[in-house]
2 protein chains.
Amino acid sequence: MEGDAQISHPAMLIGDPARAAMLMAMLGGRSLPASDLAAIAGVKPSTASEHLARLTSAGLVTATRSGRHRYFTLSGPDTANAIEALSAIAPRHTVQSLAQSKSAAQLGFARSCYDHLAGAAALAIADRLIHDEAIAPLENGANGTVAATGHPIFTALEMDVEPVVASRRPLVRGCLDWTQRRPHLAGALGARLFTSILEHGWAERARTGRGIRFTALGRSELRRLGVVLDDESSPAAR
Amino acid sequence: MEGDAQISHPAMLIGDPARAAMLMAMLGGRSLPASDLAAIAGVKPSTASEHLARLTSAGLVTATRSGRHRYFTLSGPDTANAIEALSAIAPRHTVQSLAQSKSAAQLGFARSCYDHLAGAAALAIADRLIHDEAIAPLENGANGTVAATGHPIFTALEMDVEPVVASRRPLVRGCLDWTQRRPHLAGALGARLFTSILEHGWAERARTGRGIRFTALGRSELRRLGVVLDDESSPAAR
DNA sequence: CGCATACTTCGGCCGGGGCCGAACTGTTCC
DNA sequence: GGAACAGTTCGGCCCCGGCCGAAGTATGCG
């Protein structure tokens, strides 16, 4: 009777709180072993194993085994995109504890979003590129192109933008930011930029979670390039 | 323990087959009464009423009452976006019956997608605009701008593009097309274009479902403007 | 080889939620 | 007013699926 795609299936999988917590953790971009995901979701390993089996068989998640561990990741950008789209319509959790509000503030400043950077810092970098007309202004869901492949930020990070342009993946993709209510830089370029920033030691991942901390080197380099990270100065002026 | 948005809540709501069918129907862009949605979902009115109550209280759907009917619509572009993103990762249903394959072919050619046009016809129009450099090439999720507000297609449809540009809504938004695997024209411009096409009688909605049929007037006008709708000529060359 | 660790499979418990029919409210039309 | 129709609320049924603990498989280490 219906000629449409069966959206209820993936939605049902994401709709369980334990699985949703695992998927949100994987949105951080890192590969995580089953035991960590079990702890994150707050369930026993046996339960987590069942959840992960369903997620992999549905193609939302891929597993690679290394030794006696199995590491899980989101299967691709489409999956990450669906999760992001859902978080845009999800109810905002009301912050209760001080620890929560502090970590929320940190996430609002800089965090990883699957394979790219999100938060206020990501917007600051993107705004610089837009201001210099290296890329067009971002809109949620649309596709842009790279006008200036030799922008100082790209050269400072030794990024070879050409092969990125040649890839079939959407290049400059806006990704609606749930903390800032503005799209940030995703897509192939956003992913390349993020890995370069990590490789050059401008920033590093938090040991746990999705948080990203910019190093002194990264801050000074970015300041030199005209990007100001006002980490402390603007205390959560939501 | 979690500082993230509770994506499981909306996902759980979409994850029920009956509710998903209703939401997909509403993706057609029309306001539908509860009884129609019950028939579409294949449940009794009482069950449908419960589902719709949950969807409205979660803010996914808005209801407006007119007489003894209550008409339901998706609450906004964010909601539509989440549903589209899910359909991109949903398993493709394997077509069995001839009637299904015919209706699927028609949907692939032209259908409504919440408030804009989708399918091969939508891509043909967007490609024309891109070719004439009125808009930048679409990428899924990114945002573009309108370069030529006086493009012949806009003037033929008597579209006033200026106020659309001024609106805060993402302007030129790529929206991943599940039949074509390419983004089509969504956003404020896509919505405006679609309503203009309907108002000028270039196309009309099917009595039921999401199908769109282009009229003889619409076809000739578009051909004159350099857009060829090869409806019959290319028989589902997937 | 044997012990520890990482993960999976199985059996069983239990609660949530989807479904319906029946009864109730409200609107339209004659 | 009364009949017809749209929609909602309520009570009850039942099954799906999430949870666990215990047992089973595989890998790594001493």
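As the structure is a prediction and not an experimental result, all values here were calculated from the model. To find a chain, count down the sequence lines: A is the first, B the second, and so on, and within it residues start at 1.
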A/R68 side-chain N/O to D/dT25 phosphate OP1/OP2 under 4.0 Å: no
Measure from CZ on B/R54 to P on C/dG16 and round the result to the nearest Å. 12 Å
Output the rounded distance in Å from CG (B/L52) to P (D/dA6). 15 Å
Rounded to whole Å, the CG-P distance (A/L13 to D/dC16) equals 17 Å
B/R70 side chain: which of D/dG21, D/dG7, C/dC7 is closest? D/dG7
Which nucleotide wins on minimum distance to the side chain of A/K44, given the candidates D/dT9, C/dC10, D/dG21? D/dG21
With the side chain defined as heavy atoms from C-beta on, A/D16 is closest, among C/dC20, C/dT8, D/dG18, to D/dG18
Does A/S66 use its side chain to pair, donor to acceptor, with the backbone of A/H69 at less than 3.5 Å? no
So which atom in B/A20 and which in B/I14 form the shortest heavy-atom distance, rounded to 0.1 Å? CB-O, 3.4 Å
Taken to the nearest whole Å, CD/B/E50 to P/C/dG16 is 16 Å
So, is A/T47 near the phosphate of D/dC20, with a side-chain N or O under 4.0 Å from OP1 or OP2? yes
Rounded to whole Å, how long is the line connecting atom CE of B/M22 with atom C1' of D/dG7? 13 Å
Proximal nucleotide (of D/dA6, D/dG11, D/dC19) relative to the B/H69 side chain: D/dA6
DNA chain D: 5'-proximal contact among A/M12 and A/G67 (nearest heavy atom): A/M12
Of all the choices, C/dG18, C/dT9, D/dT8, which nucleotide is nearest to the side chain of A/S46 once you look at every atom? C/dT9
Side-chain N,O (B/R19) to OP1/OP2 (C/dG18) below 4.0 Å: yes
For C/dC19, does OP1 or OP2 lie under 4.0 Å from any side-chain N or O of B/H51? yes
Over all atoms of both residues, closest heavy-atom pair of A/W202 and A/E221: CZ2-CB, 3.6 Å
May I have the step-by-step check of side chain to side chain contact (heavy atoms under 4.5 Å, CB included) for A/L117 and A/L193, ending in yes or no? CA-CA 8 Å; A/L117 204 58; A/L193 187 71; over 6 Å; no
N/O (side chain, B/R65) to phosphate O (OP1/OP2, D/dA6) under 4.0 Å: no
Could you state the interatomic distance from CE (B/M159) to OG1 (B/T195), rounded to the nearest 0.5 Å? 7.0 Å
Reckon B/S35 touches a base, only the sugar-phosphate, or nothing at all at heavy-atom distances under 4.0 Å? sugar-phosphate
